[in-house]
Chemist: 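Sharing a structure, written as structure tokens. Questions coming.
Predicted model, so just to flag it, every value in this text is computed and none were measured.
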There are 2 protein chains.
Amino acid sequence: MTDISRRQVTLDEVAERAGVSRSAASRVINNAPHVSKAKREAVQRAVVDLGYVPNATARALATQQAGAVVLAISSDNPQVFADPFFAEVVVGVNSVLEETELELMLLLATSTRGQTRLEQLLRTRQADGVMMMSTHGDTLAELADKADVPVVFGGRPVNFEPRFYVDADNRGGARLATEHLVDKGRTRIATITGRMDEGAGTARFKGYQEALAVAGLDAGRVAHGDFSEDGGSRAMAELLSEHPDLDAVFIASDQMAIGALRVLTDAGRSVPGDVAIVGFNDIPSARHTAPPLTTVNQPIQALGREMARMLQSLMSGETPSPLILPTRLIQRAST
Amino acid sequence: MTDISRRQVTLDEVAERAGVSRSAASRVINNAPHVSKAKREAVQRAVVDLGYVPNATARALATQQAGAVVLAISSDNPQVFADPFFAEVVVGVNSVLEETELELMLLLATSTRGQTRLEQLLRTRQADGVMMMSTHGDTLAELADKADVPVVFGGRPVNFEPRFYVDADNRGGARLATEHLVDKGRTRIATITGRMDEGAGTARFKGYQEALAVAGLDAGRVAHGDFSEDGGSRAMAELLSEHPDLDAVFIASDQMAIGALRVLTDAGRSVPGDVAIVGFNDIPSARHTAPPLTTVNQPIQALGREMARMLQSLMSGETPSPLILPTRLIQRAST
DNA sequence: GTGAAAGCGCTAACAC
DNA sequence: GTGTTAGCGCTTTCAC
């Protein structure tokens with residue numbers, strides 16, 4: 001293992017050592033043509049001897065390519081990133097980036113400061129591409145979608161369809177979940193929605209409505225949550241007081257389902273005996289609730305992977321199609 | 001909101017527009033002294049008019065400062081990053097970086113490829129500093145600790161004490177947990193350890209031993225796990241067959257505790273009636289197991305925050321002291 | 001196949 | 001205070 005605390009070795013030094021011009025050395029490094037075999041080898045030897053590593057900054061300046069992409073997560077709440085969801089996305093993204101020379105920059109834009117930074121980033125090509133996950137607000141998203149830097153979205157904003165995105169089939173998943181409730185013979189099926197200013201929130205609500213419409217059932221038992229456990233509790237309490245006859249609930253996130261479950265139990269309703277519930281996301285905790293939660297799984301790592309792939313494709317001048325990843329029902333004891 | 005799809009505006013253009021020299025403009029941008037008020041204002045106006053944003057790459061090349069730090073997580077298993085733990089660390093790190101001009105780069109070094117990249121990074125000053133979390137192996141860590149780039153460690157390697165680190169008090173937490181079991185009147189207290197090639201694994205084991213030594217109890221009932229749920233199940237089964245008399249288990253991670261809990265239940269041992277257990281990490285699921293898990297909480301976001309702060313301090317030439325963050329016992333029904 | 005030379009956009013001496 | 005100048009380390013025409 002070579003000594004790490006050595007100062008930067010420049011291309012000039014390599015060239016000198018190899019007895020060639022700097023341009024020749026450069027050609028070898030970037031394995032470009034027009035170099036004699038002899039020189040090529042001489043340079044390669046010099047590179048090894050000196051432990052040369054190209055200076056990425058200088059290269060970036062010369063080529064006008066940053067050699068980095070950014071994963072930007074814009075939200076009004078710094079804590080959302082603590083959601084394991086993003087960790088999984090990152091793993092997926094990383095798995096494809098690892099095959100390339102691209103660095104990954106992470107931009108958690110919560111404050112206005114972060115937002116500004118994101119805008120500047122978009123404008124100044126400090127990154128060769130951006131993967132954007134926005135949990136709220138469409139204006140930044142529209143802005144990003146218009147930037148001349150390649151941008152792919154993870155998930156879709158509410159009122160706006162980006163040119164390039166990969167999303168989970170939230171609507172389909174919600175339909176699946178609700179249909180499952182119907183299949184189980186439930187007829188008074190309520191829902192607790194997520195935040196309706198997020199794409200996932202509205203899509204899951206639509207899926208619920210569709211499934212009930214098809215089944216010819218009433219889709220009027222709805223309470224709005226915010227994806228959080230507490231929000232789920234509140235919404236469940238509301239539902240219970242306004243629609244005490246409900247016999248099932250489709251809940252737009254497992255976190256909310258956990259909150260709702262507690263309220264149901266406290267109210268003396270057995271699950272799934274009196275009320276069947278299904279959640280969404282398939283978080284680890286969903287396996288450990290009592291009873292374990294039926295839920296909808298989405299392929300999160302795949303989402304990250306496909307975002308990165310789509311970005312690559314975009315960066316190499318292609319025009320990829322948007323992608324919707326399938327979700328699937330995980331059946332457990334709560335239904 | 002300004003149009004984003006505009007090409008790069010250079011400092012020269014700003015200078016020309018303001019009718020000053022480039023150096024004057026540069027001074028204003030970096031609010032350095034020696035500029036008359038008039039010119040300063042002229043430049044500021046030009047900046048706004050033109051929508052000038054400095055080119056970070058060029059600046060980095062000129063100043064020899066990357067303007068970015070990296071969070072490197074080196075592990076032999078790509079999946080470890082999916083652990084919510086890291087998401088929390090990132091939130092902490094980001095909260096302090098957000099106050100600065102520094103970008104955050106994420107380096108998940110799993111493959112050899114990633115390792116190489118990390119080494120190069122260390123060597124070429126592509127980043128002004130690195131925060132390093134290594135889950136295994138000490139050689140890379142020692143290498144990093146010797147690099148001339150500021151490096152702070154999150155957690156400590158097993159056989160090696162870095163110069164700058166912030167760590168949770170794993171040993172103290174384990175002692176706390178074990179003492180709690182002692183206080184509950186348990187006398188045949190076993191342990192399931194984590195991976196013993198990770199600092200957290202060995203430290204928690206030491207804490208267990210210490211507590212039992214102080215209490216004058218036998219610390220011989222031990223099985224080794226790997227922090228995973230399955231590993232916990234296996235280890236618990238082993239413990240049950242080799243030390244069927246045990247009446248408590250300190251388990252070095254909640255994930256393992258969940259696995260162990262299932263095995264205990266399946267074996268007909270009631271928790272905490274027959275066997276009391278306590279876990280470590282305070283993951284969300286720990287609240288939803290049956291019974292809910294007593295566990296040790298560590299301040300993960302604070303860990304991230306302090307790593308970033310320590311790095312900043314290091315980068316500004318100071319010599320910070322290592323930091324150990326307190327852990328605390330969260331008492332629930334499993335004891 | 002080869003090298004000289006001109007940048008990439010910025011900062012930092014230095015002389016005025 | 002101010003502007004001129006020389007780089008930072010690399011890539012890339014362009015003529016040979």
Side-chain angles (χ1 to χ4, degrees), chain A residues 6-44 46-47 50-68 101 103 120-121 123-128, chain B residues 6-44 46-47 50-68 101 103 120-121 123-128:
Chain A
R6 194 165 34 190
R7 63 168 269 292
Q8 166 89 45
V9 177
T10 70
L11 187 53
D12 289 284
E13 289 165 5
V14 172
E16 183 175 346
R17 169 80 163 234
V20 304
S21 70
R22 182 166 73 251
S23 18
S26 173
R27 285 184 189 114
V28 174
I29 303 295
N30 302 299
N31 46 54
H34 305 305
V35 201
S36 68
K37 197 172 174 205
K39 300 212 172 197
R40 171 152 266 139
E41 282 165 359
V43 172
Q44 281 160 345
V47 165
L50 269 34
Y52 171 72
V53 178
N55 179 316
T57 309
R59 180 177 280 176
L61 185 58
T63 59
Q64 301 288 66
Q65 301 222 315
E101 299 285 76
E103 300 304 333
Q120 296 196 350
L121 203 89
R123 157 120 46 86
T124 59
R125 299 201 70 97
Q126 279 188 51
D128 300 326
Chain B
R6 195 164 33 190
R7 63 169 268 294
Q8 166 89 45
V9 176
T10 71
L11 186 54
D12 289 286
E13 289 166 7
V14 172
E16 183 175 344
R17 168 80 164 234
V20 304
S21 71
R22 183 166 74 251
S23 23
S26 173
R27 287 185 188 114
V28 174
I29 303 295
N30 302 299
N31 44 55
H34 306 304
V35 202
S36 67
K37 196 169 175 209
K39 300 210 172 196
R40 171 153 266 138
E41 283 166 359
V43 171
Q44 282 160 344
V47 165
L50 267 34
Y52 171 71
V53 177
N55 179 316
T57 308
R59 179 178 282 176
L61 185 58
T63 58
Q64 300 288 67
Q65 301 222 316
E101 298 286 77
E103 300 306 331
Q120 296 196 350
L121 201 88
R123 156 122 47 86
T124 59
R125 299 201 70 98
Q126 280 188 53
D128 301 324

Chemist: Return the 5'-most residue of the pair Asn55(B), Gly19(A) with respect to DNA chain C, ranking by each residue's nearest nucleotide.
Modeler: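 Whichever sits nearer the 5' end wins; that is Gly19(A).
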Chemist: Return yes if some donor-acceptor pair links the side-chain N/O of Thr124(B) with the main-chain N/O of Gln120(B) below 3.5 Å, else return no.
Modeler: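 Indeed, once roles are kept as given, a pair shorter than 3.5 Å links the two residues.
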Chemist: Report yes if some heavy atom in the side chain of Leu50(B) is under 4.5 Å from a heavy atom in the side chain of Arg17(B); otherwise report no.
Modeler: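 Yes, side chains in contact.
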Chemist: Would you give a per-nucleotide map of nucleotides 11-16 of chain D, 5' to 3', where B means the base has a protein non-hydrogen atom under 4.0 Å away, S means only the sugar-phosphate does, and - means neither?
Modeler: BB----
Chemist: Could you give the CD-to-C1' distance, from Gln126(B) to dC10(D), as a whole number of Å?
Modeler: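 After rounding, the gap between these two atoms is 13 Å.
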Chemist: Within the pair Gln64(B) and dG9(D), is there a side-chain N or O less than 4.0 Å away from OP1 or OP2?
Modeler: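 So the side chain of Gln64(B) is within the cut-off, an N or O lying under 4.0 Å from OP1 or OP2 of dG9(D).
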Chemist: To the nearest Å, give me how far apart CG (Asn31(B)) and P (dT11(C)) are.
Modeler: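 After rounding, the gap between these two atoms is 12 Å.
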Chemist: Just by distance, do the side chain of Thr63(B) and the backbone of Arg59(B) share a donor-acceptor pair under 3.5 Å?
Modeler: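 It does hold such a pair.
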Chemist: How many Å lie between CD on Gln65(A) and C1' on dG9(C), as a whole number?
Modeler: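 About 16 Å, once rounded to whole Å.
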Chemist: Which angle, rounded to 10°, do you find between the first-five-pair axis and the last-five-pair axis of the helix from dG1(C)-dC16(D) to dC16(C)-dG1(D)?
Modeler: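 Inter-axis angle at the ends, rounded: 40°.
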Chemist: Please tell me if the side chains of Thr10(A) and Val14(A) come closer than 4.5 Å, counting only heavy atoms from C-beta onward.
Modeler: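 Thr10(A) does not reach Val14(A) side chain to side chain.
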Chemist: Any idea which heavy atoms bring Leu11(B) and Ala25(B) closest together, and the distance?
Modeler: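 Looking at all heavy atoms of both residues, the closest pair is CD1-CB, 3.7 Å.
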Chemist: Keeping the roles fixed (side chain from Asn55(B), backbone from Thr57(B)), state whether a donor-acceptor pair exists under 3.5 Å.
Modeler: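 Yes: the side chain of Asn55(B) pairs with the backbone of Thr57(B).
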Chemist: For dG1(C), does either OP1 or OP2 sit under 4.0 Å from a side-chain N or O belonging to Lys37(A)?
Modeler: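 Indeed not, no polar side-chain atom of Lys37(A) lies that close.
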Chemist: Rounded to the nearest Å, what distance is computed from the NE2 atom of residue His34(B) to the P atom of nucleotide dA15(C)?
Modeler: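 These atoms are roughly 16 Å apart.
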Chemist: It should be established whether Thr57(B) places a side-chain nitrogen or oxygen under 4.0 Å from OP1 or OP2 of nucleotide dC10(C).
Modeler: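 So the side-chain polar atoms of Thr57(B) never come under 4.0 Å of the phosphate oxygens OP1 or OP2 of dC10(C).
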Chemist: Looking at Glu16(A), I'd like to know if its CD atom is crowded, meaning that more than 12 non-hydrogen atoms belonging to other residues, nucleotides or ligands lie closer than 6.0 Å.
Modeler: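 Counting other residues, nucleotides and ligands, CD of Glu16(A) stays at 12 neighbours or fewer.
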Chemist: Between Val47(B) and Ile29(B), is there a side-chain heavy-atom distance shorter than 4.5 Å?
Modeler: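 Of all side-chain heavy-atom pairs linking Val47(B) with Ile29(B), at least one is under 4.5 Å.
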Chemist: Are the side chain of Asp128(B) and the backbone N or O of Gln65(B) linked by a donor-acceptor pair below 3.5 Å?
Modeler: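 It does not hold such a pair.
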Chemist: Please state how far atom CG in Leu61(B) lies from atom C1' in dG7(D), giving the value in whole angstrom units.
Modeler: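 It works out to 9 Å between those atoms.
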